[in-house]
Amino acid sequence: FDELEPAVERAIVERMEKGESIRQIIVAPRQRLLGAHRKSRGWRGILLPWEWTPDWVLAWTSERVLVATLDRPRATPVVTSTSAADILSFEWGSILLHAWVEWTWVNQGQAKQTRIYFNAVGETLFKRVLDGLRHDVAVQSELVTVQPDRHLERLAALPFKFMNIITHDLLLPDEQVQAVVYRPAIWSNQRKLFRHQRAAAMTLVLSNYHILIAEEDLTGTQNSYGLITRFYPRSRVSHAALEHGQDGLWLNLTPELNSVRQEVHVLFEFGSEEAIQ
């Protein structure tokens with residue numbers, strides 16, 4: 001704690017229980033991001049496209065993860081506490097140097113999100129916390145077993161970007177691949193000038209721990225430099241169904257914890273039904 005501001009140290013320590021120990025502390029300094037209004041047509045979207053993120057201090061302990069948020073320099077920190085038992089799902093995004101980690105958790109009958117933006121040069125530090133939390137959820141759900149074969153060969157047919165990142169960065173060391181579905185980018189049927197991307201390229205992986213959805217960022221062009229991955233622990237998925245819509249096939253998932261639900265809808269083109277089933 002010696003490198004933290006005294007107010008941040010006090011705020012975190014006051015939330016810790018007796019016997020609770022620190023595994024890791026990470027600081028995510030303020031940075032400028034394109035704001036939510038950047039697509040507006042008014043003067044604000046043109047002249048004020050940038051927004052500052054808060055300062056975050058993440059303390060991963062033996063029991064949970066504590067996040068101190070400072071909306072502005074020297075502000076009073078607000079601390080949120082999340083245990084692995086309350087986590088519904090995870091998200092990990094990395095687009096060039098822009099990255100974030102997010103978890104959705106259940107608190108007092110509501111789903112809440114904690115998202116921390118950081119420069120991707122520090123992603124190894126945040127990835128350690130994400131992997132630790134994902135593994136904690138699996139352990140608590142009694143899903144952790146010794147796998148004689150991880151079946152990584154099932155990823156071999158994927159485009160290299162997906163195969164490489166999923167194999168080396170997204171799977172836990174003891175995670176087994178059980179099924180894989182790749183979805184190329186889906187484009188509208190209009191003429192080239194008016195053609196737009198309806199859905200980015202995506203890979204869905206069913207493992208012994210998760211339903212993992214790794215999707216490129218939606219750019220509207222043929223080139224994409226990032227990957228956004230959502231992890232839904234298998235113990236949290238209460239319902240899965242395939243729906244035939246007018247615009248394609250929809251895989252509908254319902255992660256649920258303590259009667260709090262998320263609704264997840266993944267679009268596939270017609271003809272993918274056998275692989276999804």
Side-chain angles (χ1 to χ4, degrees), residues 1-33 51-94 97-144 169 172-173 209 229-231 233 235-236 255 257-258 260 262:
F1 286 109
D2 293 344
E3 298 178 19
L4 299 179
E5 293 291 333
V8 176
E9 176 186 357
R10 286 194 301 270
I12 293 175
V13 171
E14 286 173 359
R15 298 293 297 271
M16 294 179 63
E17 303 290 341
K18 183 178 180 180
E20 189 172 2
S21 59
I22 293 286
R23 295 195 232 185
Q24 188 170 355
I25 296 177
I26 315 173
V27 175
R30 301 174 76 222
Q31 58 179 310
R32 290 198 307 171
L33 302 177
E51 293 180 359
W52 282 99
T53 69
D55 285 300
W56 286 287
V57 178
L58 183 154
W60 181 33
T61 79
S62 55
E63 308 296 329
R64 56 205 160 143
V65 59
L66 297 162
V67 178
T69 304
L70 293 86
D71 290 328
R72 61 188 184 279
R74 294 177 295 280
T76 301
V78 177
V79 179
T80 59
S81 170
T82 311
S83 67
D86 296 326
I87 293 178
L88 195 54
S89 62
F90 301 92
E91 182 172 301
W92 174 262
S94 183
L97 288 178
H98 170 61
W100 67 90
V101 61
E102 175 184 294
W103 53 89
T104 300
W105 51 289
V106 174
N107 179 260
Q108 297 181 347
Q110 294 183 325
K112 298 186 177 182
Q113 281 83 33
T114 298
R115 174 178 285 200
I116 300 174
Y117 292 99
F118 57 93
N119 189 299
V121 297
E123 67 178 14
T124 301
L125 301 174
F126 289 92
K127 189 64 166 50
R128 191 179 306 154
V129 176
L130 173 66
D131 289 352
L133 290 172
R134 288 167 55 203
H135 203 269
D136 286 348
V137 172
V139 170
Q140 293 174 3
S141 306
E142 299 182 349
L143 290 175
V144 176
D169 295 335
L172 295 174
Y209 293 161
T229 306
R230 291 168 285 162
F231 305 88
S235 60
R236 305 294 196 248
L257 181 63
N258 299 332
V260 176
Q262 279 184 292

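- Applying the salt bridge (Lys or Arg N to Asp or Glu O under 4.0 Å) test to residues at least two apart or on different chains, none of the pairs has a partner in residues 71-82.
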ask   = Where do Leu130 and Phe231 land on the side-chain contact (heavy atoms from CB on, under 4.5 Å) test, with the steps shown first?
value = CA-CA 10 Å; Leu130 173 66; Phe231 305 88; 4.2 Å; yes
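- Side-chain contact between Pro54 and Leu70 is absent, with no heavy-atom pair separated by less than 4.5 Å.
- Contact check for Val129 versus Val101: no side-chain heavy atoms found under the 4.5 Å cut-off.
- With rounding to the nearest 0.5 Å, the separation of CD1 in Ile12 from CZ in Phe1 is 5.5 Å.
- With a 4.5 Å cut-off on side-chain heavy atoms, Trp60 and Leu133 count as touching.
- Taking Phe126 as the reference, Phe118 meet the ring pair (Phe, Tyr, Trp, His ring centres under 6.0 Å) condition, with sequence neighbours excluded.
- Sorted by first then second residue, the salt bridge (Lys or Arg N to Asp or Glu O under 4.0 Å) pairs that include residues 4-14, not counting sequence neighbours, number zero.
- Applying the side chain to side chain contact (heavy atoms under 4.5 Å, CB included) test to His98 and every residue at least two apart in sequence or in another chain returns Leu33, Trp100, Tyr117.
- The side chain to side chain contact (heavy atoms under 4.5 Å, CB included) search around Ser141 returns Val137, Leu143, Ser235, Arg236, not counting sequence neighbours.
- Applying the side-chain hydrogen bond (donor to acceptor under 3.5 Å, both in side chains) test to Thr53 and every residue at least two apart in sequence or in another chain returns nothing.
- Taking the side-chain hydrogen bond (donor to acceptor under 3.5 Å, both in side chains) definition, one finds that Trp105 meets it with Thr114, sequence neighbours left out.
- Minimum heavy-atom separation, Gly19 to Ser62: O-OG, 4.5 Å.
- Looking only at distances, a side-chain donor or acceptor of Asn119 sits under 3.5 Å from a matching main-chain atom of Val121.
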query = Yes or no on side-chain contact (heavy atoms from CB on, under 4.5 Å) for Trp56 and Val27, after CA distance, side-chain angles and deciding distance?
reply = CA-CA 6 Å; Trp56 286 287; Val27 175; over 6 Å; no
N/O donor-acceptor pairs under 3.5 Å from side chains in residues 76-89, not counting sequence neighbours:
| residue | atom | partner | partner atom | Å |
| --- | --- | --- | --- | --- |
| Ser81 | OG | Arg64 | NH1 | 2.9 |
| Thr82 | OG1 | Trp103 | NE1 | 3.4 |
| Ser83 | OG | Asp86 | OD2 | 3.0 |
| Ser89 | OG | Gln262 | OE1 | 2.8 |
| Ser89 | OG | Gln262 | NE2 | 3.4 |

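- Tested against Thr61, the residues Glu20, Gln24, Arg23 include a single side-chain hydrogen bond (donor to acceptor under 3.5 Å, both in side chains) partner, Glu20.
- Residue Leu257 comes nearest to Val106 through the heavy atom pair O-CG2, 3.8 Å, listed as atom of the first residue, atom of the second, then distance.
- Annotation: salt bridge (Lys or Arg N to Asp or Glu O under 4.0 Å) contacts involving residues 98-121, sequence neighbours excluded, comprise Glu91-Arg115, Glu102-Arg115.
- Residues in residues 121-132 take part in these salt bridge (Lys or Arg N to Asp or Glu O under 4.0 Å) pairs, two or more places apart or across chains: Lys127-Asp131, Asp131-Arg134.
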message = Walk me through whether Ile25 and Leu58 qualify under side-chain contact (heavy atoms from CB on, under 4.5 Å).
response = CA-CA 6 Å; Ile25 296 177; Leu58 183 154; over 6 Å; no
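- How far NZ of Lys18 is from CE of Met16: 13.5 Å, rounded to the nearest 0.5 Å.
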